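For clarity, every value in this text was computed on a predicted model and none was experimentally measured. Each chain gets a letter, A, B and so on, in the order its sequence line appears, and its residues count up from 1.
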Number of protein chains: 2
Amino acid sequence: MTSLAPASVTDKPLRRDAAENRERLLTAAAMVFAEHGMDAGVEEVARVAGVGMGTLYRRFPSKQALIDALVGGIREDLRDLARSAATRTDGTGLEELLVTAAELQAARSGCLQRLWDHSEAGRDAIEEFRTRVVELLHSAQAQRRVRSEITSTDITMVFWSVRGVIETTRTEAPTAWRRHLEVLIAGLRPVATDQFASKLTEKPLTEAELRRITGPNR
Amino acid sequence: MTSLAPASVTDKPLRRDAAENRERLLTAAAMVFAEHGMDAGVEEVARVAGVGMGTLYRRFPSKQALIDALVGGIREDLRDLARSAATRTDGTGLEELLVTAAELQAARSGCLQRLWDHSEAGRDAIEEFRTRVVELLHSAQAQRRVRSEITSTDITMVFWSVRGVIETTRTEAPTAWRRHLEVLIAGLRPVATDQFASKLTEKPLTEAELRRITGPNR
DNA sequence: GGATATATGGAGTTCGGGCTCCGCTTCGTC
DNA sequence: GACGAAGCGGAGCCCGAACTCCATATATCC
């Protein structure tokens with residue numbers, strides 16, 4: 001878990017109390033949004049953080065900026081999980097990442113929609129994350145843990161898919177996504193029998209389409 | 001496809017022009033919400049329907065009521081798809097339903113969140129839908145198309161999961177969900193090899209949990 | 001410890017979107 | 001075709017939530 005989204009390194013450092021309030025606000029926002037979703041009021045965030053509205057708006061120029069900073073932090077955490085999974089050499093790294101990334105999403109539910117959209121925050125982190133997913137996928141395929149026709153965009157769709165289950169079940173059955181993920185991982189395995197069609201008939205999401213969904217940047 | 005949510009049968013029938021405007025409003029709302037999501041303005045809905053604000057608010061007492069009527073119609077359509085799938089006797093009905101229900105969700109994206117939540121509209125329809133899913137699942141399992149440890153709540157999670165992919169990809173890759181669904185269905189199949197764990201280790205979502213998520217009614 | 005730039009809180013302002021009101025029109029019946 | 005009931009449009013009302021302003025307080029530097 002990285003620290004919560006330090007501001008840009010080019011800015012002059014904040015005064016100690018200001019920096020502390022910034023952290024308190026991000027922590028509070030994570031809690032409030034996880035509980036009530038992103039349409040929770042900024043006043044509630046400020047109250048939970050124990051600061052006034054003025055402080056919130058000096059640290060973050062808008063509610064959107066606050067959310068972006070939060071999302072940036074989550075993306076950095078995702079990147080760290082991918083780095084950690086990459087240390088496995090037996091082809092199980094992808095499966096580990098699918099589980100740990102889902103755990104992270106479950107813990108930070110509320111702003112998951114922004115997590116996979118165009119927003120600028122943490123762009124480099126999510127870029128590295130994608131690169132590592134490709135490597136982990138190839139490794140898993142080399143070990144015959146995942147069939148060869150699966151593409152990295154298929155893995156991306158697994159994240160989106162798990163997100164859907166997490167957001168639907170989070171209040172009443174916060175761990176239900178684990179079982180669904182087991183079914184999903186089973187769907188990635190090589191198909192040993194030819195009783196059923198072993199080939200996916202629909203073409204995969206292309207990289208270009210993925211770019212348009214997750215960020216038109218560059 | 002059923003007609004768009006007739007009002008309660010107990011009410012006296014609407015005047016011809018009023019009934020027509022009701023339909024126009026529902027059609028317009030489906031279009032507008034599918035394009036811009038549920039936070040699109042009611043003014044936009046009225047404009048697309050070609051009626052004034054007053055008309056919208058005489059036909060539906062609130063924006064929420066309009067959405068509920070829309071959701072009720074979709075739930076009735078879902079029920080009809082389940083009835084249609086139930087006519088298959090070779091165990092493929094479940095797979096047909098997964099595809100056709102996903103197609104319906106893709107066509108009506110925008111209010112999918114409400115589709116699976118507590119809202120009252122079309123409760124009986126969704127109830128029958130669930131019953132038929134259970135039957136279709138048993139049939140698929142009897143034909144060995146789906147492994148026996150899969151429960152009906154696992155199927156429900158498949159709907160939630162596909163919804164997540166649909167909502168993420170709808171503007172840029174509106175058919176991407178088809179490939180993801182193929183992976184999901186592969187995950188439901190019997191596992192022929194014992195190279196990997198063939199058993200799901202997480203306990204399924206219970207019926208009681210499902211009830212709390214989709215409706216505390218009754 | 002004094003000077004000063006920086007930070008704070010919370011009452012008010014703004015604004016967008018849901019909703020209402022009422023003078024005029026249309027439908028359906030006799 | 002006349003009459004009453006039901007329906008219509010859209011300008012404006014209203015509320016809630018994002019955002020601003022400034023008198024006061026605090027950290028940092030010497």
Which protein N or O atoms sit under 3.5 Å from an N or O of nucleotides 24-28 of chain D?
from	atom 1	to	atom 2	distance (Å)
D:dT26	O2	A:Arg15	NH1	3.3
D:dT26	O2	A:Arg15	NH2	3.2
D:dT28	OP1	A:Arg16	N	3.4
D:dT28	OP2	A:Arg16	NH2	3.4

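- Residues passing the salt bridge (charged side-chain N to carboxylate O under 4.0 Å, His left out) test with B:Arg75, sequence neighbours excluded: none.
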Report all side-chain donor-acceptor pairs from residues 131-138 of chain A shorter than 3.5 Å, counting only partners two or more places apart or in another chain.
from	atom 1	to	atom 2	distance (Å)
A:Thr131	OG1	A:Glu127	O	3.1
A:Arg132	NE	A:Glu128	OE2	2.9
A:Arg132	NH2	A:Glu128	OE2	3.2

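- When rounded to the nearest whole Å, the span between CE of B:Met53 and P of C:dG18 equals 7 Å.
- In this structure, A:Glu202 has no salt bridge (charged side-chain N to carboxylate O under 4.0 Å, His left out) partners at least two apart in sequence or on a different chain.
- Rounded to an integer number of Å, the gap from B:Leu66 CG to C:dG17 C1' is 15 Å.
- The shortest distance between the side-chain N/O atoms of A:Asn21 and the OP1/OP2 oxygens of C:dA7 is not below 4.0 Å.
- Under the 4.0 Å criterion applied to side-chain N and carboxylate O atoms, B:Asp124 and B:Arg79 are not assigned as salt-bridge partners.
- A heavy atom closer than 4.0 Å to some atom of DNA chain D occurs in A:Ala40, A:Gly41, A:Val42, these being the qualifying members of residues 31-45 of chain A.
- Within the nucleic acid shown, B:Arg47 has no heavy atom closer than 4.0 Å to any nucleic acid atom.
- Between its two ends, the helix from C:dG1-D:dC30 to C:dC30-D:dG1 turns its axis by 30°, counting five pairs per end and rounding to 10 degrees.
- The nearest whole Å value for the distance from the CD atom in B:Gln64 to the P atom in C:dG17 is 18 Å.
- Summarising the geometry of A:Ile155 relative to A:Leu188, their closest heavy-atom pair is CD1-CD1, 4.1 Å, with the distance given to 0.1 Å.
- Picking from C:dG9, C:dC22, D:dA18 the nucleotide with the shortest atom distance to the side chain of B:Arg58 gives C:dC22.
- Among residues two or more places apart in sequence or in another chain, the salt bridge (charged side-chain N to carboxylate O under 4.0 Å, His left out) test is passed with B:Arg178 by B:Glu103.
- Taking atom CD on A:Glu20 and atom P on C:dT8, their separation rounds to 10 Å, with Å as the unit.
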Listed pairs under 3.5 Å, donor-acceptor, residues 30-45 of chain A side chains, sequence neighbours left out:
from	atom 1	to	atom 2	distance (Å)
A:Glu44	OE1	A:Arg47	NH2	3.0
A:Glu44	OE2	A:Arg47	NH2	3.3

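- Applying the salt bridge (charged side-chain N to carboxylate O under 4.0 Å, His left out) criterion to B:Arg114, with sequence neighbours excluded, gives B:Asp117.
- Under the ring-ring contact (aromatic ring centres under 6.0 Å, His included) criterion, A:Tyr57 pairs with no residue at all, not counting sequence neighbours.
- When distances are taken from the side chain of B:Tyr57 to each of D:dG7, C:dG18, D:dC19, the shortest belongs to C:dG18.
- Protein atom CZ of B:Phe60 is 13 Å distant from nucleotide atom P of D:dG7, rounded to whole Å.
- Not counting sequence neighbours, the partners of B:Thr92 by the side-chain contact (heavy atoms from CB on, under 4.5 Å) test are B:Arg88, B:Asp90, B:Arg145.
- Side-chain atoms of A:Lys63 lie closest to D:dC19 of the nucleotides D:dG7, D:dC19, C:dT8.
- Using modelled atom types, no side-chain atom of B:Glu23 and backbone atom of B:Glu20 make a donor-acceptor pair closer than 3.5 Å.
- Nearest nucleotide to the side chain of B:Thr55, out of D:dT20, C:dC19, D:dG9: D:dG9.
- With sequence neighbours excluded, the residues that form a ring-ring contact (aromatic ring centres under 6.0 Å, His included) with B:Phe159 are B:Trp116, B:Phe129.
- Of the candidate nucleotides C:dA11, C:dG9, C:dT8, C:dG9 has the atom nearest to the side chain of A:Val51.
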